[in-house]
Structures are given as C-alpha cells and as structure tokens.
Amino acid sequence: MRSSLVRAALRVALLLPLCLGLAHAAPAHVHGQGNLEIALDGAQLSLHLESPLHDLIGFERAPRNAAEQQKVRDMAARLRAADRLFLPTAAAGCTLQSVSLVSAVLDPALLGEAGKAGGDSDGHADLDADFSFRCDKPEVLQGLKVALFGQFPGLHRLQASFAGPRGQKAARLDAANPELRW
Ligand SMILES: [Zn+2]
C-alpha cells in the first residue's frame, strides 16, 4: 500500500517537469511583456513593436461581439497616434510617416489595414506593429521615450533594443524607466 503510494508520488514527480517542459516547448510569449526594436538608418527611424494581444485588448482571439470589436478599433486608433506613444529626442525633429498593424487572429479591416485575415493561433496571439518616423536631424537623436505603459495598463515591460550608426543598445523599459538612451 505504502510502496504503491510512493510509486504514484514518484511518477507525478517525474511527470511534472515533463509537462512543464512541453508547455515551454511552444515559443509562447509572456503576458505583460513586449519587445521593441528601434533602428536608425539615415533619417529613417523604424520601430517594431511585438506585444501579446492580451496586454493590449485583454483577449487573444477574434472579437466575439460589438464591444470586443470596439476594443480592437480603440487599440488600433491609439497605436496609429504613435507620435504620442513614442517620443524621440525632440530636437531631432522626427515626424511619424506610417503605421502598420498585423495580428494573426484579427481582421485587418478592424485594424485599419487592407488585406485578408489569416493565420493560426495556439491560444496565444501577438500584435505586430511597425512605425516609421523621418527625422530632420537624426544626428542629435539620443533616445526614445515610450508612453505605452499608461495607455495600455496590461503592458508592464518592454525589452527594447536600438541599432544605429553609432552602435547598439538594449534595456528593459517599464513605467518607472520608460526611456532608452543611446
Ligand atoms: Zn498570450
């Protein structure tokens, strides 16, 4: 009796890390945490944001009703006003040129994009956003402040990286430390 209990406990102990290992096998994102890649090429400042959809709208699937559709539209509208979310060094005179938003589980029309919906979801889904700025004086560009955290309370951290003519820089940004300087 006792030994069979021990054996059962042992089996659970052996299986548990296996299950956890399987759960980690899929490259699932971490809720609350996004990535921001910043690149400066000439006068062109390009930003690529990858965020769990959960952090932006609270769900990671196609909207099921009008209220959820509105949440997606509101998110898209806020992201399209990217010059209020991303603040490059003011003296560099950067102006927003274009925004593109993509998610495998969302109808592009809801995001304000042309094209067809498509893509698979394993229960998780990201939003991928590209922002393009053009800077009058890229040589005085020294950093970028992110104002996303107040706008999207579900987003807590951003792993940010910068690549430009003078090298590379990386930092973890959050509400208390929202600026990457280079
Ligand atoms: Zn997720």
Side-chain angles (χ1 to χ4, degrees), residues 12-39 46-87 96 98-133 144-163 168-180:
V12 169
L14 286 172
L15 279 174
L16 198 61
L18 207 79
C19 296
L20 291 174
L22 276 177
H24 282 195
H29 53 216
V30 177
H31 288 179
Q33 194 172 300
N35 282 297
L36 180 66
E37 287 168 18
I38 308 163
S46 305
L47 274 49
H48 180 75
L49 172 72
E50 192 184 302
S51 165
L53 258 191
H54 174 272
D55 303 348
L56 304 174
I57 53 175
F59 54 91
E60 300 195 331
R61 46 164 175 73
R64 287 180 182 151
N65 52 47
E68 290 188 350
Q69 287 190 342
Q70 194 52 45
K71 268 194 173 175
V72 175
R73 287 198 195 93
D74 288 347
M75 168 195 70
R78 254 179 283 168
L79 289 172
R80 287 187 185 283
D83 44 3
R84 273 183 257 161
L85 301 175
F86 302 104
L87 310 168
L96 182 64
S98 66
V99 176
S100 111
L101 307 174
V102 178
S103 177
V105 297
L106 298 177
D107 183 347
L110 277 179
L111 294 171
E113 301 282 344
K116 274 192 222 154
D120 290 329
S121 169
D122 56 355
H124 286 278
D126 286 318
L127 183 90
D128 282 85
D130 284 291
F131 308 94
S132 178
F133 290 82
L144 179 95
K145 193 175 166 187
V146 172
L148 277 172
F149 304 109
Q151 295 266 349
F152 297 103
L155 187 64
H156 301 300
R157 283 181 301 281
L158 271 183
Q159 189 58 50
S161 62
F162 168 80
Q168 302 188 337
K169 198 79 189 272
R172 208 157 107 156
L173 307 183
D174 55 31
N177 178 34
E179 186 169 12
L180 180 66

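When a ligand or atom number is given, it counts from 1 through the structure's own listing order. One-based numbering along the sequence shown.
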Of the protein N/O/S atoms, how many lie under 2.8 Å from the Zn ion (ligand 1): 5
Looking at every non-hydrogen atom in both residues, tell me the closest pair between Ala76 and Leu110 and how far apart they are. CB-O, 4.1 Å
So how far is it from Arg84 CZ to Leu148 CG, rounded to the nearest 0.5 Å? 13.0 Å
Using 30° and 60° as the class limits, which term best fits the ring planes of Phe86 and Phe133: parallel, tilted or perpendicular? perpendicular
Sidechain-backbone polar pair: Asp55 side chain, Gly32 backbone, donor-acceptor under 3.5 Å: yes
To the nearest 0.5 Å, what is the distance between CG (Asp130) and CG (Leu79)? 11.5 Å
I want to know whether His124 and His31 have ring centres closer than 6.0 Å. yes
